[in-house]
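Accompanying notes for the structure given below.
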Amino acid sequence: MSTTTQELDLAIEGMTCASCVAHVERALTKVDGVSSVSVNLATERAHLTLSHEVPVAELIQKVEQAGYQARPTQPSDQQESAARRELERVDLKKNFFFSLIATFPVFVMEMGSHLIPALHHWLMANLGDWNWIIQAALTTLVMFGPGWVFYQKGLPALARLQPDMNSLVALGSLAAWSYSLVATFAPSVLPTGTVNVYFEAAAVIVTLILLGRLMEANARGRTSDAIARLVKLQPHNATRLRDDKQETVELSLIQPNDHLLVRPGERIPLDGEIIEGSSFIDESMMTGESIPVNKTVAAEVIGGTLNTTGSFTYRVTKTGKDTLLAQIIELVETAQGSKLPIQALVDQITRWFVPAVMLVAALTFLVWLFFGPEPALSFALVNAVAVLIIACPCAMGLATPTSIMVGTGRAASLGLLFRSGTALQTLAEVKTIAFDKTGTLTLGKPKLTDFIVAPGFEKNAVLALAAAAEQHSEHPIANALIEAAVAAKISLGTLETFEAIPGYGLKAKVSGEEIHIGADRLFEKLSINLDSLGSIARQLAEEGKTPIYISVNNQMAAVMALADTIKPGTAAALKALHALDFKIAMITGDNQRTANVIAKKLGIDVVIAEVLPSEKVAAVKELRKQHGAIAYVGDGINDAPALAEADLGLAIGTGTDIAIESADLVLVSGDIQGVPKSIALARATMRNIKQNLFWAFAYNVALIPLAAGVAYPFFGLLLSPILAASAMALSSVFVVTNALRLRNWKTPVEE
């Protein structure tokens, strides 16, 4: 029985760290019918693959039972998410400043007393016991006012045996606060010499972590700038022409085939085709190309691009989700929400991280209590609290997704569309890249350079038959032949039958004559002797041209030569790939000699020629066997299977829809220089992710033992909970800020 999988996205609210991600994933995985779940902390989304239909209400219920909120994603989520994050940021700002104002006197009263003896004496003389009572009141205000969010989320998570970052903060601050309350109001309960207060630690911990989250919210708000900018590109209204009258209408009311007027300085509302007028259009936000493109009648225009000089009328061809802008936004959102293979290791570690930290904190408390110097209870409490506060799974959870968000956003601004974050990692790791030739390395518009007939045939007569045979074909050869016939003012014969022979050529009947046009393998298959024109064909091939044979009534009639022009920038792009240590291959249906000439011009390392479309997959497999993981670049329908087979498929954006659908990365502008750009950006993004992960893990490996007090016997060094809270807050900010550096990443050309 065949099964079909479904995919579903849920917006998740209330996650604060990598442990939250693990809890949501675990809750959703338990639902029958859920095959896989990927939750992203940075985008606050869960992507589910379902083996059969599952009620959305059941999924939402499971998320809520885990302590979070969920809802199906909506098209307006981008704007709503940005608005919600801004509200959260404003609330955080208010809470932080309230907490700061209340914490400052507590910090001065307690820490100032230790540092300035005169202040200590003044406080004791004027406030006496009220010193600690005032600290208790202010700290309680901080903890159960701005800090309430930590207990509201952390304690229920602890009760469910699924502790998260909030649980660590809640436990640490509550331990310091509770101990201090006992020392203030029931000091006789505590052993002699242990009556101390740590109100300042509890208050400062809450304040510093709120500061860290505020800084993180400010930084994270900028990670999704790429999508926000894309969303803003589309205007809300358009000028529609109807019955020679202009009317301003909302975009949602416009239908395909409507005629729209675009004036200078306006953004083009939707995709379409110019029917009147001309202009230069700035397509930089779509293609990464900064120079405006001249567009005249019949030229395609892209919704969201900027009309710079002239005004024109165009016919709408795509609306809504079908427009290129909508597809780009969807692609970028999908890529930003995906997980890299490297994230699997992080997920495994963070799943056990918080429980492990709580165990280390408990052991720290016991070791200091039984083996520490006096006052042992005070030492035990302070060090256990420091361990709870220093541990920061937030940085681990943000290390990968923030870099993916910023990296894929930067790629989109350069006209490089990654379909998934996984493609980033794969592209950064492959070392061999194979190119299709026609339409990818070359313009795909060959010109007829030679037309040599066999003895007994007349040139114009054979050209008329060949052009007539090709007149309904979409193959580049057809265009070249018809252009040549039109230029020679030859009237075409009457096409009676036509049959394409994939990978070989065609068979047709023109004005009663049977015509075959194709490469040498077609005529070998038909057992038609090529000797009369074979030497001429070989000479043409040695010149880098593609020889094509024509037979009339099974007799060799002519050989023609086509020459395709190498795309501008191709040589520079391949040179850049060699500089990046890539082995370059070319897979083409052209004959070996022609392919070798082009390969020599471009410095290509491996040439696989005379390949039928159906054999391209086998060629990719063979290259992988010899050289390891491989990327493939193509543009045509016949490239789709090879694009899908390769470890990474790169489609030229000017190619066919089916090729683009089969690829992992789309080069919107069609410029081959996008290939080295995308590889350099992928490597920069992976470097950024590794830097983030190193910091997140190294930070915890180094500072948790220090917080536990392992340096005390050797150096007399302890890490106070206040310093622990500062370090924890800064670790997340460091990770997000490091990821944001990718926004300013320069291509090798720009550098």
Could you give the distance from [atom1] ([X]) to [atom2] ([Y]), rounded to the nearest 0.5 Å?
X    : Y    : atom1 : atom2 : value
T29  : R26  : OG1   : CZ    : 9.0 Å
L424 : L416 : CG    : CG    : 10.5 Å
L665 : L681 : CG    : CG    : 9.5 Å
N95  : W148 : CG    : CH2   : 14.0 Å

With sequence neighbours excluded, residues passing side chain to side chain donor-acceptor pair (under 3.5 Å) with T685: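 T685 satisfies side chain to side chain donor-acceptor pair (under 3.5 Å) with no other residue.
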Show the nearest heavy-atom pair for residues [X] and [Y], with the distance to one decimal.
X   : Y   : result
V39 : V21 : O-CG1, 3.5 Å
V37 : E25 : O-OE2, 3.9 Å
P72 : I60 : CD-CD1, 3.9 Å

For a quick test of your reading: what N or O donor-acceptor pairs under 3.5 Å do the side chains of residues 154-161 make, sequence neighbours left out?
from, atom 1, to, atom 2, distance (Å)
R160, NE, A66, O, 3.4
R160, NH2, A66, O, 2.7

Neighbour count above 12 (heavy atom, 6.0 Å) for F694 CZ: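 Counting other residues, nucleotides and ligands, CZ of F694 stays at 12 neighbours or fewer.
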Worked verdict on D664 versus T426 for side-chain hydrogen bond (donor to acceptor under 3.5 Å, both in side chains): CA-CA 10 Å; D664 303 292; T426 307; over 6 Å; no
Pairwise side-chain contact, F697 with N692, heavy-atom cut-off 4.5 Å (strictly under):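 Not in contact.
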Inter- and intrachain pairs under salt bridge (Lys or Arg N to Asp or Glu O under 4.0 Å), touching residues 88-99, at least two apart: R84-E88, E86-R89
Pair R410, S413: side-chain N/O donor-acceptor within cut-off below 3.5 Å: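 Short answer, yes.
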S36 versus T49, side-chain donor and acceptor atoms under 3.5 Å: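 Side-chain D/A pair, T49 to S36: present.
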Whether Y712 and W368 hold their rings parallel, tilted or perpendicular, with breakpoints at 30° and 60°: perpendicular
All ring-ring contact (aromatic ring centres under 6.0 Å, His included) counterparts of F144, not counting sequence neighbours: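 Partners of F144 under the ring-ring contact (aromatic ring centres under 6.0 Å, His included) test: Y151, W177.
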Under the ring-ring contact (aromatic ring centres under 6.0 Å, His included) test, residues paired with W132 that sit two or more places apart: none
Residue list, side-chain contact (heavy atoms from CB on, under 4.5 Å) with L100, at least two apart or on another chain: F96, F97, T207
